[in-house]
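Residue numbering restarts at 1 for every chain, and letters A, B, ... go by the order of the sequence lines.
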Protein chains: 2
Amino acid sequence: MCKQHNKNLYLRPMNKIDSFVADGFTQYLPGQSIDCVIIGYNEHGLNVLTLNWKEFDMWALPGGFIHNKEDMDQAAIRILKERTGLELAFLKQFYTFGNYNRRDFEEFLKQFEPKELKFQPFINWMKQRFISTGYLALVDMKKCNPTPDFLTESCDWKPINNLPKLLFDHQHIIEKALEQIRIQINYLPIGLSLLPEKFTMKDLQKLYESILQKELDRGNFQKKILKLGFLDRLEKQLSGRAHKAPYLYKFNETKYDYLLKKGIGFIS
Amino acid sequence: MCKQHNKNLYLRPMNKIDSFVADGFTQYLPGQSIDCVIIGYNEHGLNVLTLNWKEFDMWALPGGFIHNKEDMDQAAIRILKERTGLELAFLKQFYTFGNYNRRDFEEFLKQFEPKELKFQPFINWMKQRFISTGYLALVDMKKCNPTPDFLTESCDWKPINNLPKLLFDHQHIIEKALEQIRIQINYLPIGLSLLPEKFTMKDLQKLYESILQKELDRGNFQKKILKLGFLDRLEKQLSGRAHKAPYLYKFNETKYDYLLKKGIGFIS
DNA sequence: ACAAAAGTGTTATCCTTACACCCATGT
DNA sequence: ACATGGGTGTAAGGATAACACTTTTGT
């Protein structure tokens, strides 16, 4: 899952950082950043994609800046692509974080110093005030190819219930994103992006339970979901397990897209 | 309702524009703006507060910029205060507009030119790319004191179903705001901010009908709302009309605030 | 045969909807 | 008295929640 790159910032080929320091940030809108809460789901629950700045012993959300002539949504799509390889996913802006003190630089700089002079322009860029727009992405972990950016050395999934200490206000950003999911799950058929193409009703139920953080009744869940009609029932799974084989389902994209637009009201 | 100010930008006392041009915009974050969709409700339905740049024959949403050391939310509160006099209201960020081409400057500049040289720095400030965060405010029109800013000459309520042509993407911003209200009304007890302290059940029903753009059943609405329990019934109104006097109600702030946080699920 | 988990059914309760009915009031 | 609109009631239908029953399958 995790790609280990060069172990130390100062031993690492510096061309990318150098070029960012030299002129990269003249290509970006100043003071405006994007943070992506990329959420994946596996048998242990929900996970968030995080980046590790090992030099500073810090984990951070994947983020980036907006090119001068780039739509903000486009920038988010680009960042998602760069970190995961995915071009298609549920991706949605959810909140913009604009508090003056949202980035606590004391701790950050403590770990950065003493450093080479050449980093000064980069530090200055980083030290400016940023207003950051949060994007929520729901992805299929199995289709992801987590890739660190030029500042970080690893890119890893972290279980949402056991997150490491995060940079700045990133913990808060994740909480706000989860809040959004829990609201949206009540009127949008979230799920297609987080599950593989074929899945069982139990898979979907576990996903909903992960999101809502509570247990749901098996029989009632099945009836409720099927009545909404955005699932197509497929052949039975050859389960090879000591019980009745469950049906497989897939999303009926026509109906699913329709409900994505129209919204639904369900799941108490 | 409308305050007529000086009729022409060029005859108007220039000190405020001059000082903005001179150094005002060094106090603000570049490229970041706020647009407020301020919504009021009266017997004719929902209204939006708009500003008129008469020189350009354009209407615009109240907006502004963010001071260098000011929280974004604080800036929105300040703008709301400046345009309406209100300090307390339902005020909530709802979306950030970041498309590269969201502001069509051709039309804007066409109307601005030919102009005096002194405006050039201001035009340059305005011509930069802005990413704008939209805030939704729900207010009691009767408590508002609409006041134009230093660039505009009047500040007026416009009925939401009959808006004039608006600047840039402001029409789109309003539509997005309305979409938000219609979603939020399903899980938040919206209403306190839009109505006077005391009101009848019919007033509240008409408000919901304005927002949802459909008629609701009188009896069922009453039962549903009362069961939620955020209203206190007061004495009967001396109606002086040819029918039974209706009760007056007011919001029970304790219960209302609780439901604002917790959310509700209702109104189909 | 049995355990385990899937699929489906049953029931009591609650909520929603669409009305109907009665009440208070000014003309 | 009657038209108007307020307050409340009712009955049918639908949704929900809790749980039970049956089916399939590997051990």
d([atom1], [X]; [atom2], [N]) in whole Å:
{"X": "A:Glu235", "N": "C:dA6", "atom1": "CD", "atom2": "C1'", "result": "16 Å"}
{"X": "B:Asp203", "N": "D:dG5", "atom1": "CG", "atom2": "P", "result": "14 Å"}
{"X": "B:Lys227", "N": "C:dC14", "atom1": "NZ", "atom2": "P", "result": "10 Å"}
{"X": "A:Glu215", "N": "D:dT16", "atom1": "CD", "atom2": "P", "result": "20 Å"}
{"X": "A:Gln205", "N": "C:dA6", "atom1": "CD", "atom2": "C1'", "result": "11 Å"}
{"X": "A:Leu216", "N": "D:dA17", "atom1": "CG", "atom2": "P", "result": "9 Å"}
{"X": "A:Phe221", "N": "C:dT8", "atom1": "CZ", "atom2": "C1'", "result": "16 Å"}
{"X": "B:Arg233", "N": "D:dG7", "atom1": "CZ", "atom2": "P", "result": "6 Å"}

Nearest-nucleotide wise, let me know which of A:Gln222 and B:Lys244 is further upstream toward the 5' end of DNA chain C.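 Checking each residue's closest nucleotide, the 5'-ward one belongs to A:Gln222.
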Please pick, from [options], the nucleotide with the shortest atom-to-atom distance to any side-chain atom of [X].
{"X": "A:Lys224", "options": "C:dA24, D:dA17, C:dT16", "result": "D:dA17"}
{"X": "B:His243", "options": "D:dG5, C:dG7, D:dT25", "result": "D:dG5"}
{"X": "A:Asp217", "options": "D:dA18, D:dG26, D:dG7", "result": "D:dA18"}

Using heavy-atom distances to pick each residue's nearest nucleotide on DNA chain D, tell me which of A:Gly240 and A:Gly219 is more 5'. A:Gly219
Side chain of A:Glu197, backbone of A:Lys250: donor and acceptor closer than 3.5 Å? no
Six-ring centre of [Y], [X] cation under 6.0 angstrom, axis tolerance 45°:
{"X": "A:Lys255", "Y": "A:Phe230", "answer": "no"}
{"X": "A:Lys158", "Y": "A:Trp59", "answer": "yes"}
{"X": "A:Arg233", "Y": "A:Tyr249", "answer": "no"}

Between CD of B:Gln222 and CG of B:Asp217, what distance do you get to the nearest 0.5 Å? 10.5 Å
Does any donor-acceptor pair link the side chain of [X] with the base of [N] at a separation under 3.5 Å?
{"X": "B:Lys223", "N": "D:dT10", "answer": "yes"}
{"X": "A:Asn220", "N": "D:dA17", "answer": "yes"}
{"X": "A:Arg218", "N": "C:dG7", "answer": "yes"}

